[in-house]
Amino acid sequence: MDMDASFRSAIVNGETLKMFVGQRVRTVLKVQHTQGGVLVAQSTDGHQLTIRGASEGRESHYLEVIGIADNDQSISAESCKDFDDNFDADAFNGLCKLVVNGKVKEVFL
């Protein structure tokens with residue numbers, strides 16, 4: 001089954017977000033706080049990112065965000081899912097590295 005390209009999203013972390021500016025991305029972040037309607041969170045590789053249009057994430061919870069990369073530090077959220085506080089950030093970060101290095105790119109892009 002071929003997925004409509006408009007629904008595809010690149011799996012990214014803070015470092016690889018810059019490679020997909022203007023495109024749909026998917027990431028998991030640890031919520032730090034909200035500030036003026038903008039969610040501030042830390043990527044699995046330690047980068048601070050801002051998420052516009054995110055539903056209120058609970059502090060210290062992991063949040064999956066799908067949206068458009070505005071720049072190398074910001075995403076406009078289309079959807080968010082709370083992953084609670086039990087998430088393997090190291091495994092997700094490893095997946096991001098595999099995708100960017102082309103090892104499994106066709107499966108996740």
Side-chain angles (χ1 to χ4, degrees):
M1 176 192 285
D2 188 28
M3 186 188 303
D4 181 349
S6 66
F7 292 105
R8 292 183 185 165
S9 54
I11 296 175
V12 300
N13 59 17
E15 180 64 29
T16 60
L17 182 62
K18 63 186 172 198
M19 298 170 61
F20 298 95
V21 171
Q23 297 177 50
R24 181 169 285 111
V25 295
R26 174 185 307 252
T27 194
V28 177
L29 309 161
K30 189 168 191 176
V31 177
Q32 294 177 320
H33 63 276
T34 56
Q35 182 176 340
V38 174
L39 189 134
V40 178
Q42 185 175 34
S43 66
T44 55
D45 60 342
H47 292 256
Q48 184 172 306
L49 302 177
T50 57
I51 311 300
R52 297 179 193 333
S55 55
E56 291 288 323
R58 292 182 57 192
E59 198 168 306
S60 297
H61 276 215
Y62 287 94
L63 189 70
E64 178 189 48
V65 176
I66 300 171
I68 303 299
D70 297 322
N71 58 50
D72 65 343
Q73 296 179 328
S74 177
I75 299 171
S76 291
E78 296 174 342
S79 68
C80 300
K81 179 169 178 52
D82 189 337
F83 282 177
D84 203 29
D85 60 354
N86 186 16
F87 181 78
D88 191 339
D90 291 332
F92 182 81
N93 199 45
L95 175 62
C96 293
K97 290 176 184 177
L98 284 174
V99 170
V100 168
N101 291 331
K103 307 251 188 231
V104 293
K105 195 173 194 173
E106 62 281 347
V107 175
F108 294 103
L109 291 181

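In this structure, F92 CZ and T27 OG1 are separated by 4.5 Å, a value rounded to the nearest 0.5 Å. If you take OG on S60 and NZ on K30, they are separated by 5.5 Å, rounding to the nearest 0.5 Å. Between the NE2 atom of H47 and the OG1 atom of T16 there is a distance of 8.5 Å, given to the nearest 0.5 Å. For the atom pair CG (D88) and OH (Y62), the distance works out to 8.5 Å, reported to the nearest 0.5 Å. With rounding to the nearest 0.5 angstrom, the CG atom of L49 is 9.0 Å from the CD atom of Q42. Between the CG atom of N71 and the NZ atom of K18 there is a distance of 12.5 Å, given to the nearest 0.5 Å.
R52 and V38 make their closest contact through NH1-CG2, 3.6 Å (heavy atoms, listed as atom of the first residue, atom of the second, distance). Nearest heavy-atom pair across Q35 and H33 is OE1-NE2, 3.3 Å. Between R58 and V31, the closest heavy-atom pair is O-CB, 3.4 Å. Across all their heavy atoms, D45 and G14 have their closest contact at OD1-N, 3.0 Å. Of all heavy-atom pairs spanning F20 and A69, the tightest one is O-CB, 3.4 Å.
Between Q48 and V40, some side-chain heavy-atom pair lies under the 4.5 Å cut-off. Using a 4.5 Å cut-off on side-chain heavy atoms (C-beta onward), L17 and Q73 make no contact.
Linking ILVMFWY side-chain heavy atoms closer than 4.5 Å, directly or via other members, places V25 and M19 in a single hydrophobic cluster. Hydrophobic clustering keeps L29 apart from I66 (ILVMFWY residues linked when any side-chain heavy atoms are closer than 4.5 Å, directly or through intermediates).
A side-chain contact (heavy atoms from CB on, under 4.5 Å) with S76 is found for exactly one of D70, I51, V65, T50, namely D70.
Around the CG atom of D84, the shell of radius 6.0 Å holds more than 12 heavy atoms that belong to other residues, nucleotides or ligands.
Judged by distance alone, the side chain of D82 and the main-chain N or O of H61 form no donor-acceptor pair under 3.5 Å.
For the residue pair N13 / S43, no side-chain donor-acceptor distance below 3.5 Å is found, with atom types taken as modelled.
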Requested in this report: Could you go through the side chain to side chain contact (heavy atoms under 4.5 Å, CB included) check for E78 and I68 one step at a time?
Outcome: CA-CA 8 Å; E78 296 174 342; I68 303 299; 3.7 Å; yes

